[in-house]
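These notes are about the structure you will find just below.
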Protein chains: 2
Amino acid sequence: MNSPITLDALKVLDAIERRNSFAAAADELFRVPSAISYTVNKLEEELAITLFDRSKRKAQLTPIGKMIVEQGRLILKATDDLTHMAKQSAEGWELELRICIDSILLFKPIYALIAEFQQQYPWINIRVTEEVFGGTWDALTAGRTDLVIGATGEAYNSDFILRPLGEIDFVFAVAKNHPLVQEPQPISSSKIKQYPSIVVSDSSRHLPARSAGLLNGQPRISVPSVDKKIEAHLLGLGVGFLPIHRIEEYLKAGELVALNVKKTESRKSELSMAWHKDNQGKALAWFVKRIQNMKLF
Amino acid sequence: MNSPITLDALKVLDAIERRNSFAAAADELFRVPSAISYTVNKLEEELAITLFDRSKRKAQLTPIGKMIVEQGRLILKATDDLTHMAKQSAEGWELELRICIDSILLFKPIYALIAEFQQQYPWINIRVTEEVFGGTWDALTAGRTDLVIGATGEAYNSDFILRPLGEIDFVFAVAKNHPLVQEPQPISSSKIKQYPSIVVSDSSRHLPARSAGLLNGQPRISVPSVDKKIEAHLLGLGVGFLPIHRIEEYLKAGELVALNVKKTESRKSELSMAWHKDNQGKALAWFVKRIQNMKLF
DNA sequence: CATTTAGTTCAAAAGGATTGAAGTAATGAA
DNA sequence: TTCATTACTTCAATCCTTTTGAACTAAATG
């Protein structure tokens with residue numbers, strides 16, 4: 001792989017084509033016409049291909065020459081982009097940003113934000129993962145992610161920066177035809193314990209798993225995400241607390257019913273963004289800044 | 001747009017990464033280690049970016065360096081491909097080949113052939129058009145196409161080379177519930193004239209239009225392609241001759257019925273490939289050679 | 001602590017790129 | 001037709017970038 005094509009030659013060809021003249025190209029490139037001639041001749045010789053038809057006074061690109069100019073421009077653009085990418089990276093823009101989103105949140109607005117980011121910084125890879133409860137902290141401490149959106153509770157240590165997103169409201173919700181709907185409210189803990197509770201299992205792999213508002217002694221059904229928990233509630237498989245913002249439509253449509261319960265634990269939960277304090281990445285900062293002004297629940 | 005990146009520097013980076021050593025890269029590139037060092041230093045200086053971590057004995061690519069190597073390889077590949085393309089073009093391979101197919105033929109085997117060609121010569125653009133009867137000749141004489149597949153009749157002048165593809169059989173076919181099916185065969189011309197005939201209109205733009213086997217005095221319905229003619233026949237809109245190979249399935253399924261008619265004109269038609277005798281293109285030759293061994297009808 | 005391995009530095013040399021003057025060839029105006 | 005102009009080419013001289021090789025530094029290895 002030893003191509004006789006050089007970026008300099010491509011630049012020269014590009015200039016000649018755009019200005020439609022060797023002399024004008026020489027002028028543009030701050031060279032003397034003979035230098036342009038030399039470069040073109042060398043390329044033609046090494047390729048053993050005629051790029052210009054010189055039978056007329058004005059040198060005219062041959063079809064092959066034209067193709068090389070066109071393709072060459074793409075190559076020049078690519079090297080230019082590469083330079084730009086490298087410069088940006090050196091200035092603190094990540095090559096890749098890993099975002100971990102708690103399954104309690106609506107992903108849609110975040111995806112919209114990512115799309116916007118990609119338009120501005122198309123060379124930065126964004127990798128999104130979904131975790132549940134402690135799983136987000138786990139991903140952060142294990143270095144599997146750069147930014148957690150929707151971290152719950154306190155930081156495990158001072159290596160992380162927390163930025164609150166607000167409190168999320170939970171309600172005790174069951175399917176419309178669930179037996180508990182017929183009970184007088186507030187519903188006692190002992191009544192609730194007669195039905196299986198749907199529990200989103202913590203996706204922590206290393207840190208001690210957190211439990212989220214379990215009413216002890218109840219039969220449990222574990223599901224891997226809040227989406228699945230909502231489905232389970234809708235099917236009447238069990239009962240439990242759900243984030244209001246995720247089930248508003250179901251409550252309005254009457255498919256889920258919010259019930260008053262005696263125990264008040266876990267009715268609210270503080271959500272945050274979190275990232276490692278050493279991470280000075282500009283893409284990270286961009287997302288933190290933009291997400292702060294967003295309503296995610 | 002004056003990128004400090006050069007193809008030579010990218011080659012050097014590539015070699016270093018692959019061989020995992022400056023010395024080995026120098027060896028591979030028939031240079032002295034200091035020359036490699038020089039090239040890398042110059043690039044780093046001009047980009048103002050550290051590409052190698054030299055704190056250890058073995059220089060280690062930084063993440064940005066790695067990205068540049070990876071992207072750089074794509075650029076090297078592109079210039080290499082460009083060289084290859086140019087060489088091939090100079091050797092007589094077209095930059096673009098325009099193929100004009102008569103609508104009477106099955107396009108599928110031709111598309112399969114084009115797909116195969118594209119795998120071998122991915123940089124050559126293939127442009128397919130569809131024409132009807134004289135339209136193919138028209139496209140050729142007007143220079144709108146390079147190769148006609150399925151040209152009918154004689155060449156208009158000696159500027160073109162004809163290569164016969166064989167004879168195509170036509171049958172007089174009508175829809176299964178058409179009144180003509182009830183008539184005793186062979187069916188007389190006067191009976192036929194009572195029903196509209198479906199005529200594929202010639203797509204010639206400059207040459208005198210040819211007519212294909214019209215039974216004179218009949219009401220006509222003109223359609224733009226053989227596909228549409230078959231549809232019209234199936235719907236019972238009219239009658240006429242159809243190429244057997246295109247309606248075999250409908251005949252087998254009984255949706256169309258082939259009838260015996262008295263007039264025997266236009267029962268067969270000689271089809272050919274045709275191209276301009278000055279066209280020495282290798283892609284053209286490739287297609288001519290391959291199509292000769294194919295069964296297109 | 002000596003030895004080996006890996007890359008860097010630097011002055012000297014090589015050689016490719018640039019220059020400018022002279023030349024050629026097509027175009028177009030007088 | 002002639003002559004000036006435009007457009008590119010040729011070529012020897014010059015410049016300056018790249019390469020070289022010897023000497024050097026610094027990390028790993030045992």
Side-chain angles (χ1 to χ4, degrees), chain A residues 2-62 64-66 68-69 72 76 79 83, chain B residues 2-62 64-66 68-69 72 76 79 83:
Chain A
N2 224 340
S3 157
I5 294 176
T6 65
L7 294 181
D8 183 63
L10 291 179
K11 267 177 214 153
V12 168
L13 290 185
D14 168 57
I16 295 171
E17 203 275 342
R18 275 186 295 101
R19 310 296 299 275
N20 193 33
S21 141
F22 276 44
D27 202 49
E28 179 177 313
L29 298 169
F30 304 108
R31 290 184 220 184
V32 127
S34 58
I36 301 300
S37 206
Y38 172 84
T39 306
V40 172
N41 277 322
K42 188 162 62 82
L43 181 58
E44 286 188 311
E45 194 180 322
E46 290 188 345
L47 280 174
I49 295 174
T50 313
L51 301 180
F52 287 90
D53 168 16
R54 287 142 164 112
S55 67
K56 302 271 153 44
R57 169 159 58 152
K58 260 195 131 46
Q60 191 73 29
L61 271 173
T62 60
I64 298 180
K66 198 153 221 156
I68 291 187
V69 168
L76 289 173
T79 55
T83 310
Chain B
N2 223 341
S3 156
I5 293 176
T6 65
L7 294 181
D8 183 64
L10 292 179
K11 268 177 216 155
V12 168
L13 290 185
D14 167 57
I16 295 172
E17 203 275 341
R18 274 186 296 102
R19 311 295 301 272
N20 194 33
S21 142
F22 276 44
D27 202 49
E28 179 176 314
L29 298 169
F30 304 108
R31 289 184 222 185
V32 132
S34 58
I36 301 300
S37 207
Y38 170 85
T39 305
V40 171
N41 277 322
K42 187 163 61 85
L43 181 59
E44 285 188 311
E45 194 181 322
E46 291 188 345
L47 280 173
I49 295 174
T50 315
L51 301 180
F52 287 90
D53 168 16
R54 288 144 165 106
S55 67
K56 301 271 154 45
R57 169 160 59 150
K58 261 198 130 45
Q60 192 72 28
L61 270 173
T62 61
I64 297 181
K66 197 153 221 156
I68 292 187
V69 168
L76 289 174
T79 55
T83 310

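Because only heavy atoms are used, hydrogens play no part in the values below, and waters and symmetry mates are left out as well, while side chains stay in. Residue numbers start from 1 in every chain, and the chains themselves are labelled A, B, ... in the order their sequence lines are given, proteins ahead of strands. Quick caveat, the model's predicted, so the values are computed rather than measured.
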* Structure fact -> Per nearest nucleotide of DNA chain C, the residue lying toward the 5' end, A/V32 or B/A24, is B/A24
* Looking only at side chains, do B/T6 and B/D8 share a donor and an acceptor under 3.5 Å apart? -> no
* To do: Report yes if at least one side-chain N or O of A/Y38 is closer than 4.0 Å to OP1 or OP2 of C/dT18; otherwise report no.
  => no
* Flag the pair B/I49 / B/L43 as yes when at least one side-chain heavy-atom distance between them is below 4.5 Å, and no otherwise. => no
* Structure fact -> Side-chain atoms of A/A59 come closest, of D/dC8, D/dT9, D/dT19, to D/dC8
* Crowded around B/Q60 CD? As in, over 12 foreign heavy atoms under 6.0 Å? -> no
* Considering just the side-chain nitrogens and oxygens of A/S34, establish if one lies under 4.0 Å of OP1 or OP2 belonging to D/dC8. => no
* Asked: A/A35 near the nucleic acid: base, sugar-phosphate alone, or nothing, with a heavy-atom cut-off under 4.0 Å?
  -> base
* Structure fact -> To the nearest angstrom, the CZ-C1' distance between B/F22 and D/dA26 comes to 15 Å
* To do: From the options C/dG7, D/dT19, D/dT10, select the nucleotide whose nearest atom is closest to the side chain of A/S37.
  => D/dT10
* Structure fact -> Here the distance between atom P of C/dA6 and atom CD of B/Q60, to the nearest Å, is 14 Å
* Roughly, in whole Å, what's the span from CD in B/E46 to P in D/dT17? -> 10 Å
* Expected output: side-chain A/E44 to main-chain A/F52 donor-acceptor under 3.5 Å -> yes
* Rounding to a whole Å, what distance do you find between B/K42:NZ and C/dT8:C1'? -> 17 Å
* Nearest-angstrom distance from the residue atom CZ of B/R19 to P of C/dG7 -> 12 Å
* Can you tell me how far OG1 of B/T79 sits from CD1 of A/I5, rounded to the nearest 0.5 angstrom? -> 6.5 Å
* Using atom CD of A/E45 as one end and atom P of D/dT9 as the other, report the distance to the nearest whole Å. => 13 Å
* To do: Kindly say if B/R31 contacts the phosphate of D/dT20, meaning a side-chain N or O under 4.0 Å from OP1 or OP2.
  => no
* Check whether any side-chain N or O of A/K56 sits under 4.0 Å from OP1 or OP2 of C/dA26, and answer yes or no. => no
* Asked: Rounding to a whole Å, what distance do you find between A/N41:CG and D/dT10:C1'?
  -> 10 Å
* To do: Write down the distance between NZ (B/K58) and C1' (C/dT8), rounded to a whole number of angstrom.
  => 15 Å
